[in-house]
Every structure is written in structure tokens, then in C-alpha cells.
Amino acid sequence: MATKLTGPVRVRFPPSPTGALHVGGARTAIYNDLLRRSLGGSMILRIEDTDRQRSDPEMVAQIQRALAWLGIEADEGPFLQSDRVEEHRAAARRLLEEGKAYHCFRTAEEVEEKRREAEKRGQTSFYRVFFEPPTPEEVARRLEAGESYAVRFRMPKGDIQFHDLVRGDVTFAEAVLDDFIILRSDGSPTYHLSVVCDDAHGGVTHVIRGEDHLSNVPKHIGLYRALGAEVPTFGHLPLIMGPDRKRLSKRTGAASVEEFRDQGILPQALYNFLALLGWSPGDDREVMSREEMTEAFTVERLVSSAAIFDYDKLRWMNAQYLSGEPLEEILSRLAPFLDEVGLADADAERLAAAVDLHRTRAYYLQELAGYIVPYFRERLDYDEDLCRKFLGQADLPAQLDLLTERFGAIEPFDLDGIETAIRGLAAEVEVKAGVLIHPTRMALSASKAGPSLFHLVEAMGQEASVRHLGNFTAYLRERSGSVEA
RNA sequence: GCCCCCAUCGUCUAGCCAGGUUAGGACACCAGCCUUUCAAGCUGGCGACACGGGUUCGAAUCCCGUUGGGGGUACCA
């Protein structure tokens, strides 16, 4: 089905640099990205740093890194909202001159008090019901006296109605609309003025953002009109909830992109998962490449109800990518995790073989790195509880001696040779193959679970296999001796 | 309080706009198959239209209400 929207579009992603990139923000960026890619057009990255106290310049780089990691590149920016405050002030001045805004000499405390009173009486508080705008004479007089003032926007008469891309028609009755501050008494522009100015200035055609902005739309539309700018098309995405059904936050679990990255989630998996949290292609596809998602993306398939973040499904999605992506891709994503466990310069060939063997068994890169460790460690530590069963088999050390010997003699050291050695020895000493297979797995990986043993031995290589097997046999002799004594 | 938004399995969702389906898929869970172990994979199972009124031959689908959830209500963004 063809979308009703036509490109090219101009979208934007405006994070505030007050913290790491949140997955909710990331999802908003993803839908903007998908919209831009599917319809053609461009995306602007704008850093919303109007709130100087809470803004941290460090965060800008961090947010950019997180976006780049996800594979989202803006066509323009990052622009800093604070770079254009002079333009924002000029806009406020213009509105003042045109009578579309007025000087407000009331203090915040005064207004607040009036509000509380009204609330106590069970009434809705409205600035413009309680206070009259000052007359020109009053303005002149108080300005003369050097009184400070804020600039308040005069909300135009009439209901505000608009068509939201994900919610359909939304109406705010005139009676519910109030005048609001656009320039603080310290001369700084408020968020509402700034976004509208910047979006208009940037020629933004589609504003896709979180539902927390839905009730700001009347203010923004009022401003666009007063400024003589074209009103963009809006789309408000439902928020992402945590398992507690409250807005997702770090309190209830990982909530920032970098946390997932550090846990070993692949960017492809997070992008795919987030895209599906509030959108579906309309058929049964779930694991989709960015190209497939771009191709299938339409705003009418955006879901309008809030979704709970499902960590389990993300984990599954990651496992899908872990086993499905090209090995080279996995290897390069795994590198930092190998670094962490001290395997920064492991032999590339053996590493690739080991990773390929374990990738279908891991949910996270971190976990995968853990599986690789035994391949490159000189000696392994064996857990006595896990080895209990083997410690009780008196014949085992002698059998493993024989196996170690045969492993050393296999030429070439390949799957066939390995299997023949194990099965052959088992037949000779008259035990089932499993009797040798399980302790050998323990010997090589210090774990009772893992890939098919023959493959494990092959990937481990002759030298390391013989070494681990020898060490393990010695361990068995030592422990069973001490247990008996 | 007031305003706006939302409501299908435990979770993500398809189906709704253009009423008629055994209400479909995925995650999770359970069972079986496969198997040298663990995963993966395959097969099957469990499991939902929030409630109440309408409209209609017929309602998950359309309308109204209730309940529940979310967001907003700033000289925060």
C-alpha cells in the first residue's frame, strides 16, 4: 500500500543534552530516519540546550556517538538551539510590535498564587481569565520605571484543530487555551518559542515526536501562524513504558542506548526491536533489515497505543542477529568485549572458528566473549561441583591419558580424525562414546554444555586440546586423591 | 480537578478505516522431535477482543457511556 504522504520530507531529531540517549528518543529518531529514507528527504540534528543548567556539552558527543552506533546519520547539524537565541528574541520582539504578544509584569509567584487559589475552589486556572494585559500607557510607565517583564504570547481566538499522523484529528477547544510566556524576564526564550522558530527556520515539514508533546501543539500552531510560518505536519508517538507500566526509566532497568550497547546488544537488533515497538510492517515479518523496514514503512502503520519494553524479546532479537549476521560483522562488534577479557590479540583464524561455533548459543556479545576465553587461556579452572561425576569414575584418568596421546598423534587434526580417535578409543576400552565425550568437553571448556564436541576440539586445535586434556586429567587425579584421603 | 490521548493473549502486535475470520503471527512459558551435552532448529500446546448500553440479520470492528492506563496542565524541555 502506498503511503498518502509524499516526499521529499524534512524531519528533525532534537534531543536535549541532559543525559544519555534514551531508547524512547532512539525510537523517535528511528521513525524519523525511516520516514526520511522511505520518502526521500533530509534529517536535521538539533541539540535542544535551552535549559542551560541541565545541559552538558559532554552529552552532545555522547548522543551523536549513540546515533552513529545505531546507524542514524543526520544530513545536517548538529545545530545548537542556543546559537539562535538572538533570532528567537527578535521573533518575540516582532510579535510584541505586532500586538500578538504583550509585556507581562506579573511575577511568577503572583501568577502561581492565583492558580493555587483557583484550584482550591475547584476551578481551572487561566492566566487570561485572571489578568488583563497591561494598557500601552501602563507598559510605557513600567518600562520607564525599569521594571522587568516577560513576554507573553496572546493565544488567538478559536478552537485549534489539526490532523495528527498517528492519532488522527485532534481538537483543543478555545476555552482551554491560554496565553503563555515566550520570553522570560531574563530575556531567554522558552522552549515553545525556540522550537517553533527553529523548525520554521529549518524548513521542517514533518514533526515526529513523543506524545508528551501532544498538548503543546496548540501553542505551537498559534506561534507558527503568528510568525507567518507554514505549520508542519505532526505525528505523536506513544511513550515507551517500563515493566511497571510507567514511563520507561533507568529505575526499572536499562533505558539508554549505551547501556544496551555495553551489554552486548547489536545495533541492528536494537534498531529492529525498537522499530517494531510501535510499528509493524503489516505482515508477519519481524527480523528485518533496515532496507526491508524502509521499504515497508508507512506512518499509517504506526501504533497509537503505548508499548511496554520487552527485554526478553530484545534478547531474542539479538540472538537472531548474532547467528544471522556475517561472521566478519560479529567479529568486529565483538572486539571490544574480547578486549575486556584480555583477548585483544587472539589468533584471528582460531578466533573466527570459535566465534562461529558459539554464536548460535549466545544472547549477548558479552556472553559470547565468555565462551571464547577457554580457547586462549593457558590453563582452565575447573569447578568441583560440575566435575563431581567425573571424579567418581576411577578408570577415567587412564582413559583420558590414552585419549590425550591419540589427540597428539592425529594427522591431520580434522573433524574425521578427532571423531575416529574418540569413538575408536571408546570401543577399545568398551565404554559408550559419551563416557569420553563429556569429560573431554569439561576439559576443554570447563563447562558441561557447549557445541558438538568434535567441532569444539577441532576449533580448539591440537596443541590446546592436548594441553587442556592433560591438565584436566591431572586435576582429576589430584582431586579424587584428596577426596579419598 | 481540567484538557488531550489510548484500550485484542503475561508482553509486542495483525485484524478495525470499507461489520460475517476456527480472532493470525512473534517473545515468554510448557511438551515432543532432533541429539554426545547445551543452545539453535522443527512440531504441537497454553493464552486475548476491559465492562455496559445501543445500531445491525450479524459487532473485536460503527456510536455513546463507564472503568482502567498514559501524557499535559510552568518565566522545564
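Below, chains carry the letters A, B, ... as their sequence lines are ordered, and counting in each starts from 1.
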Considering only heavy atoms, which members of residues 148-159 of chain A lie under 4.0 Å from some atom of RNA chain B?
A:Ala150, A:Arg152
Name the pairs: protein N/O against N/O of nucleotides 7-9 of chain B, kept only if under 3.5 Å.
none

Decide whether a cation-pi geometry holds between A:Arg142 and A:Tyr149; the criteria are a distance under 6.0 Å from NZ or CZ to the six-membered ring centre and an angle within 45° of the ring axis.
no
Any residue meeting side-chain contact (heavy atoms from CB on, under 4.5 Å) with A:Ala74, in chain and number order, not counting sequence neighbours
A:Leu45
Taking side-chain contact (heavy atoms from CB on, under 4.5 Å) as the test, write out the residues that go with A:Ala459, two or more places apart.
A:Ala353, A:Leu357, A:Tyr375
How would you list, by chain and number, every residue that makes a ring pair (Phe, Tyr, Trp, His ring centres under 6.0 Å) with [X], sequence neighbours excluded?
X        : value
A:Phe273 : A:Phe309
A:Phe79  : none
A:His192 : A:Phe180, A:His220

Provide a list of protein-nucleic acid N or O atom pairs under 3.5 angstrom, restricted to nucleotides 62-67 of chain B.
none

Return each pair, listed once, that meets side chain to side chain donor-acceptor pair (under 3.5 Å) where at least one residue sits in residues 241-250 of chain A; pairs must be two or more places apart or across chains.
A:Asp212-A:Arg247
Return the polar atom pairs (N/O with N/O) between nucleotides 34-37 of chain B and the protein under 3.5 Å, or none.
{"residue": "B:U36", "atom": "O2'", "partner": "A:His438", "partner atom": "NE2", "Å": "2.6"}
{"residue": "B:U36", "atom": "O2", "partner": "A:Arg441", "partner atom": "NH2", "Å": "2.9"}
{"residue": "B:U36", "atom": "N3", "partner": "A:Leu453", "partner atom": "N", "Å": "3.4"}
{"residue": "B:U36", "atom": "O4", "partner": "A:Ser452", "partner atom": "OG", "Å": "2.8"}
{"residue": "B:U37", "atom": "O2'", "partner": "A:Lys448", "partner atom": "O", "Å": "3.4"}
{"residue": "B:U37", "atom": "O2", "partner": "A:Gly450", "partner atom": "N", "Å": "2.9"}
{"residue": "B:U37", "atom": "O2", "partner": "A:Gly450", "partner atom": "O", "Å": "3.2"}
{"residue": "B:U37", "atom": "N3", "partner": "A:Arg441", "partner atom": "NH2", "Å": "3.2"}
{"residue": "B:U37", "atom": "N3", "partner": "A:Gly450", "partner atom": "O", "Å": "2.4"}
{"residue": "B:U37", "atom": "O4", "partner": "A:Gly450", "partner atom": "O", "Å": "3.3"}
{"residue": "B:U37", "atom": "O4", "partner": "A:Pro451", "partner atom": "O", "Å": "3.4"}
{"residue": "B:U37", "atom": "O4", "partner": "A:Ser452", "partner atom": "N", "Å": "3.0"}

Across all strands shown, which nucleotide pairs with [N] by Watson-Crick or G-U wobble geometry, both distances under 3.5 Å?
N     : answer
B:A60 : none
B:C2  : B:G72
B:A26 : B:U11

What pairs of nitrogen or oxygen atoms, one from the protein and one from nucleotides 68-72 of chain B, lie under 3.5 Å apart?
{"residue": "B:G70", "atom": "OP1", "partner": "A:Lys246", "partner atom": "NZ", "Å": "2.4"}
{"residue": "B:G72", "atom": "OP1", "partner": "A:Arg247", "partner atom": "NH1", "Å": "3.4"}
{"residue": "B:G72", "atom": "O4'", "partner": "A:Ser215", "partner atom": "OG", "Å": "3.4"}
{"residue": "B:G72", "atom": "O2'", "partner": "A:Ser215", "partner atom": "OG", "Å": "2.9"}

Compute whether any side-chain donor of one residue and acceptor of the other, for [X] and [Y], lie under 3.5 angstrom apart.
X        : Y        : result
A:His88  : A:Asp198 : yes
A:Gln320 : A:Glu286 : no
A:Asp159 : A:Thr171 : no

Is the shortest distance from a Lys or Arg side-chain nitrogen in A:Arg89 or A:Glu86 to a carboxylate oxygen in the other one below 4.0 Å?
yes
Quantified in whole Å, what is the P atom distance between nucleotide B:U61 and nucleotide B:G45?
27 Å
Is it true that A:Tyr191 and A:His213 have ring centroids separated by less than 6.0 Å?
yes
Protein-nucleotides 41-46 of chain B N/O pairs closer than 3.5 Å?
{"residue": "B:G41", "atom": "OP1", "partner": "A:Gln320", "partner atom": "NE2", "Å": "3.4"}

